[in-house]
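Sequential numbering from 1 along the given sequence is applied to the chain's residues.
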Amino acid sequence: MGRKLIQPINVKVPAPSCIQESAPVVNQGDDQRLCNPSGYQSIQTLYLKGPVPGVPSLWKTDLNQEESGRGAIIPLGELHQTLSSPEFQDFYPDENLLKKVAHNVRFYASWFPEQTREQFVLAHQTLAHGGRAPGIHLMAAEATYSPDRETFTPWIKREVKEWLEQARERMFLVYDDRIAAYALLATAWRLRLGKEEYQEVADLFTEVDQLVHQDDFRWPSMCISEKFSVEIVISQAAQERKVKALDEILKQDNDIKILAELDEQDYFLNHLKKREQEKIWDFFVESYPKLYELSAYWSNLGSFLTHNPEKIPDFFKREDLWLAYTPADNIDDSEQASPRALAYLYESLFSRNLVPERFKRQVYLLILKATKSDGESEVVPDATAEMEKLLVQRYLNKEETEYLAFENISKNIIKQYGKKHTAEQIEEWLKSFLTPDQAKKCKVTFALLPLLIDHDENAARTFLAQYQDRSLVDYSALADDPLWNNIWHLFTDGFILWNVFALGSESPQTLYDRALDSMPSLLLSYGMDEMVQDFYLSNHPYRALFSLPNELRPRGAGLSYYSIDFYPDPRREKHPFKKRARRVDVENVYWLNKNDWSHGFGVSNLAVGREIGLAPKARLYMAPATKVEALELPSAISASLHQAVESVERDPSIAVVGMSLGLEVPQEFRNVVVDSVIYQGIVRDINRLHEAGVRITISAGNSGQQDEINMLGFFPHVDLIGAYDSNRLTLTQEDDRPTDYTTGSDQTNQVRFYAHADPVFFLMGEDNYAWLRSGGTSSAQPYFAAADLLLLDVNPTLTISQRNLIFQTTLPELTGPIDPAKAVAIAAHLPGSRYKGKRLEELTQHLTGMSADEFRASELFQKVCQAYDLK
């Protein structure tokens, strides 16, 4: 059971919605797009992660994804009537009513924050006039979407005091679901309340915590885990959990309660002093007769030993303890130890190399026995070699066995062997106990070993070529090789984690293709960044521009790209590849914290980054799009755009304002948005930017659905940029295709241009890149913006409409991707070009394969001449 039972209201702007919010790690699966952070979709709300038994799930984050039953529009002026309705004050209101309110309040709070606050005020006044108290769902909605500490603090204090009075009178858990829900709300509000206010609330929950732990306090009928869950959320609501002294916990006469409290206080997860180690070890030994059938006993004993390895010798000395447990075959109670409970403890110690040498073979065979494997009993001189051979033989014989129980052991054995030996030595070791026929079949395995063991660069290039061109794979050899999939999995540490679970269900070809899709990410984990970067640029759809000689290549010098995105404060964390990027401070709009993953770094690096940007000499302006609450994203973008207008007035070099962001709202709210003050303010600023000759490029969005639309695409003079997939960077353009996730399919919200996005070499932090199979429209937008900068660099006389005409001329079809190389060649041959004579001739030859005269006579250029009315 996890410690964190709730996800509190998030006071930081979330990562793009397809990225795991708990960490800046990008998914390495098939669907890796960098989604457009959305003011509507990305809102974090209060919900239970547990769930706590008896407590309703309050305001789940995914309500907007549940299409059925979310309800119609509630007019903003009538919202208070629903919020104050008697039905909504019930502790268990109708689920459809909850969805309807969440659907509407979420939207209105983003675009009409002041009016939404007024609706909550009216709802409270209506309830007070009728003599009714606000219900918990009204307060949860207000806490999530329209925070008001002056309303919340007296309400939560009143509710908890009332509960305490009833509970003290009866010494019984009164409305256990209510007090747990109150605790969840109070915990979520911790960062919103002032220190003194929260202290008052925390003190009340400290009283609750003390009351429920009194010996004469009675609980209703519930299992240990349910009781523990309620205790946890109550203790979390207190400002600081009262940490009990070890002696105070151990003096109780209830071993089950002692085990639970030691776990709650994290005693098993700490490195303890010698005195504390001895006392907890004595508890495990003495409580064994009563607790050995509980799964919690073995899992906590494992945690204690791995964090306090000094006690491991004592564990192995007590063979009556560590060998005695033989559970029943049929176990129905989820709290009872399974037959593999002790095996997991062994595995935990073994994988960390904490098992004493003389016990290794015995422990390994016990694990095999627990997983129904046929372990050998004969003694061999080298226990490690015996274990390795047993492991390989299991795979070769294709025994029906569960892999999870000893997966970490397998990795440990093979990896440790690999650290000591070369690929050639391991190949010889494998051949030493394989039959000649078996060895001949291991062709793929033996080809993999130089990469996986030695990190051989030639092998890496071979597999990158296979990644790009599957015709180079010898699938016939693959089908015969009994080892390759398992050997590969053991070394790749989860890059292709699904392989272990799919052994019996998918073909070797499918599994190998998936492994190859992980190849660039694997090479990055080996530190082969330069190789992956070279592969990316040399096979890029825009490689003709990247490979231009320095004296010919346009780089956007003298121009600026104004990027509105999620950035850490540049005063504390510089852009890795634009050290002189200009910081734009926006009033009431904030930077991310220093260690937060920066979507902005990755996006801007594709446009103007020193090493991988398409326009690397262009200057970068970094403007934040973050406010304290994700609900405030529309107003944050409005403020940053307004600051862009002022920046352009000071610096006319700003040619493009780019945003890889989305203000996505449900279709039914589209006409409502245009009446908001925020929307009208954005329209005014975009018009001013357009009048100044500045292009506004915005990513089209990644939902691929028509039920939600990106409102930024409805602004005048905005170019929505869709994403194009180049199919593993294959050299042929025939297999390139528009992505199916690009939004903007609405007739009034169409994608203007498509640019490359899949796959993408994306900057995640200081010299930290990730290979993303799908970069999303977040990656397409900066590439288009940079291409536009290059046209201006080549020919500064071109207007936005003229540049649009050039891009449109290069499209192979209506939804085709732009071709920046051809666009640059066209711009270089038009009046006002900076390229003349020999320089123009060389540029044209490099980009088009034609002489300057041949290009001017081409059908492509003649189309532009006709549009320009040139002879």
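- Residues Leu545 and Ala821 share a closest heavy-atom pair of CD1-N, 3.8 Å.
- Under the 4.5 Å side-chain criterion, counting only non-hydrogen atoms from C-beta, Ile612 is not in contact with Leu763.
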Evaluation steps, side chain to side chain contact (heavy atoms under 4.5 Å, CB included), between Leu798 and Ile806: CA-CA 10 Å; Leu798 298 174; Ile806 293 173; 3.9 Å; yes

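- Under the 3.5 Å distance criterion, with hydrogens and angles disregarded, a donor-acceptor pair is assigned to the side chains of Thr777 and Asn702.
- Looking only at atom types and distance, the side chain of Ser778 has a donor-acceptor partner in the side chain of His599 under 3.5 Å away.
- Checked options Asp517, Asp725, Asp758; the residue passing with Arg773 is Asp725 (criterion: side chain to side chain donor-acceptor pair (under 3.5 Å)).
- For Tyr567 and Glu573, the side-chain atoms include no donor-acceptor pair closer than 3.5 Å.
- For the residue pair Ser471 and Asp469, a side-chain donor N or O sits within less than 3.5 Å of a side-chain acceptor on the partner.
- For the pair Gln781 and Ser660, the minimum side-chain heavy-atom distance is below 4.5 Å.
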From CA spacing to verdict: side chain to side chain donor-acceptor pair (under 3.5 Å), Tyr783, Asp788: CA-CA 9 Å; Tyr783 271 133; Asp788 198 50; over 6 Å; no

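- The side-chain heavy atoms of Asp819 and Phe807, taken from C-beta on, include no pair separated by under 4.5 Å.
- A pairwise comparison of heavy atoms in Asp736 and Asn727 identifies OD1-N, 4.4 Å as the closest pair.
- Between Leu720 and Phe753 there is no side-chain heavy-atom pair separated by less than 4.5 Å.
- For the residue pair Gln468/Thr730, the side-chain donor-acceptor check at 3.5 Å is not satisfied.
- Of the N and O atoms on the side chains of Tyr467 and Asp513, not one donor lies less than 3.5 Å from an acceptor on the other residue.
- Between Tyr536 and Trp771, the angle of the ring planes goes over 60°, which puts this pair in the perpendicular group of the 30/60° scheme.
- No side-chain donor from either of Ser638 and Ser635 sits under 3.5 Å from a side-chain acceptor of the other.
- Minimum heavy-atom separation, Ile678 to Pro634: CG2-O, 3.6 Å.
- Counted by atom type alone, Tyr108 and His103 present zero donor-acceptor pairs between their side chains at under 3.5 Å.
- Aromatic ring pairs are classed by plane angle as parallel below 30°, tilted from 30° to 60° and perpendicular above 60°; the pair Tyr542 and His540 is tilted.
- One distance of note links CZ of Phe784 with CG of Leu789; it measures 10.0 Å at 0.5 Å rounding.
- A 4.5 Å side-chain heavy-atom check between Met659 and Val603 finds every atom pair outside the cut-off.
- Closest of all the heavy-atom pairs between Ser726 and Pro759 is OG-CD, 3.7 Å.
- Using cut-offs of 30° and 60° on the angle between ring planes, the pair Tyr754 and Tyr724 is perpendicular.
- With a 4.5 Å cut-off on side-chain heavy atoms, Leu620 and Ser560 do not count as touching.
- Here the closest heavy-atom approach between residue Gly662 and residue Leu712 is recorded as CA-CD1, 4.2 Å.
- Heavy-atom minimum distance, Phe535 versus Leu729: CE2-CD1, 4.3 Å.
- Taking the six-membered ring where the residue is Trp, His690 and His717 present parallel rings, their angle staying beneath 30° rather than reaching 60°.
- Applying the side-chain contact (heavy atoms from CB on, under 4.5 Å) test between Ile637 and each of Val586, Val589, Leu663 identifies Leu663 as the sole match.
- Counting only heavy atoms from C-beta outward, the side chains of Asp719 and Ile696 never approach each other to under 4.5 Å.
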Step-by-step side chain to side chain contact (heavy atoms under 4.5 Å, CB included) determination, Phe577 to Phe601: CA-CA 9 Å; Phe577 295 110; Phe601 280 174; over 6 Å; no

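- Put simply, the side chain of Gln466 reaches to within 4.5 Å of the side chain of Tyr512, judged on heavy atoms.
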